[in-house]
Amino acid sequence: CSKEGIMLQGMDEFHISLVEFFLSKRSFESYALCHDLCMSLPIDSLATVLKKANDDDVCTLKAGHKAKVLTVAIETRDQPWLVSKHDVPFIDLGSEYLVISRIPYDAKITVWSTRFARLAHELHQLSGSLDIQIIHEGARFTALDEGSGKKGCFIFRRAKVVDEYRDSEDDEPAGAIIHEFHRYFHKATSLRVSTKYLVHASKRAPLSSKVSVLMKEDQPLLVQYDFYEGVLKFYIAPRIAD
Amino acid sequence: AFKQKSLTSFFSKP
């Protein structure tokens, strides 16, 4: 927790995918912080507690200076006298925390998140890994089923004019990349990643209508959702030729 | 052959 908001980091047990979730302080009804605070929490316990709250309930998260627990108070909005309190004890994550190096990416594309979710799902049916190539003219997502020899490919062409950008999902131009594309392109880049982890990242489509894919050769793939209250990033470690 | 890399080879531990 910092004066800007809450930053959350989580990683899978094989250290292939890391999630970084930032919630700006503006997404909270009130946000008070005396000093920066770092907590390690078991995500299952936190999720279990938060699921006890209904959509309209008020959740207050509290932790003191040398606290060992995060206290979650759940209050019914129209019955403020009705409060339930739950403690989520901190755990020692030790080496499970990673410091993410901020690197300049060579290429970035932004596509409709529902389309991205569909391509991840479809390619996952074919193969355990896929290749992503971004060249000046567009992007290509390819998966090959080694057994049957079947190859699946989704191609996105760079939008030629800014007008191709539409805010409404219904007006989605077929296969077009939103115009931000060319601004972030430095050189042709390709990466191979596991489709399983891409599917996982693509499931967050309800957060934002657009998703960005950022790449640099031999570096983790970054899948990023920007939304008003914050940003959700998935870093996926690549598969590299032996 | 392709080898799955771990994020620990890219990002450092504090």
Colleague: Check whether more than 12 heavy atoms from other residues, nucleotides or ligands sit under 6.0 Å from atom NZ of Lys25(A), and answer yes or no.
Modeller: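 Atom NZ in Lys25(A) is not packed in, count stays at 12 or less.
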
Colleague: Check for me whether the distance between the ring centres of Tyr235(A) and Phe11(B) falls short of 6.0 Å.
Modeller: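 Centroid separation for Tyr235(A) and Phe11(B): below 6.0 Å.
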
Colleague: How about Pro238(A) and Phe10(B): do any of their side-chain heavy atoms sit closer than 4.5 Å?
Modeller: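 A side-chain contact under 4.5 Å exists here.
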
Colleague: What residues of residues 217-224 of chain A sit under 4.5 Å from chain B when only non-hydrogen atoms are counted?
Modeller: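 Residues of residues 217-224 of chain A touching chain B at under 4.5 Å: Asp218(A), Gln219(A), Pro220(A).
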
Colleague: Do Val99(A) and Lys13(B) have side chains that approach each other closer than 4.5 Å (heavy atoms only, starting at C-beta)?
Modeller: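 Contact flag for Val99(A)/Lys13(B) side chains = no.
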
Colleague: Tyr225(A): what forms a side-chain hydrogen bond (donor to acceptor under 3.5 Å, both in side chains) with it, not counting sequence neighbours?
Modeller: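 Partners of Tyr225(A) under the side-chain hydrogen bond (donor to acceptor under 3.5 Å, both in side chains) test: none.
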
Colleague: For the residue pair Ile16(A) and Gln4(B), what are the closest heavy atoms and their distance?
Modeller: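 Shortest heavy-atom separation between Ile16(A) and Gln4(B) comes out as CG2-NE2, 3.6 Å.
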
Colleague: Which bit of Ser129(A) is near chain B, if near means a heavy-atom gap under 4.5 Å: side chain, backbone, both or neither?
Modeller: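 Nothing of Ser129(A), per the 4.5 Å heavy-atom cut-off to chain B.
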
Colleague: Hey, could you give me the CD1/NZ distance between Ile240(A) and Lys3(B), rounded to the nearest 0.5 Å?
Modeller: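 Atom-to-atom, Ile240(A):CD1 and Lys3(B):NZ are 9.5 Å apart.
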
Colleague: Which residues satisfy the ring-ring contact (aromatic ring centres under 6.0 Å, His included) test with Phe141(A), sequence neighbours excluded?
Modeller: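 Phe141(A) satisfies ring-ring contact (aromatic ring centres under 6.0 Å, His included) with Phe156(A) once adjacent residues are dropped.
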
Colleague: Which heavy-atom pair separates His15(A) from Thr8(B) by the least distance, and what is that distance?
Modeller: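 So the two residues come closest at ND1-CG2, 3.5 Å.
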
Colleague: Under 4.5 Å between any side-chain heavy atoms of Leu98(A) and Leu7(B), yes or no?
Modeller: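 Counting from C-beta outward, Leu98(A) and Leu7(B) do come under 4.5 Å.
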
Colleague: Can you confirm whether Lys233(A) is buried at NZ, in the sense that more than 12 heavy atoms of other residues, nucleotides or ligands lie under 6.0 Å from that atom?
Modeller: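 Correct, the count exceeds 12.
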
Colleague: Do any of residues 192-203 of chain A have a heavy atom less than 4.5 Å from a heavy atom of chain B, and if so, which, in residue order?
Modeller: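 Arg192(A), Ser194(A), listed by number.
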
Colleague: Which heavy atom of Ala237(A) sits nearest to which heavy atom of Ser6(B), and what is that distance?
Modeller: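 Residues Ala237(A) and Ser6(B), closest heavy atoms: CB-C, 4.0 Å.
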
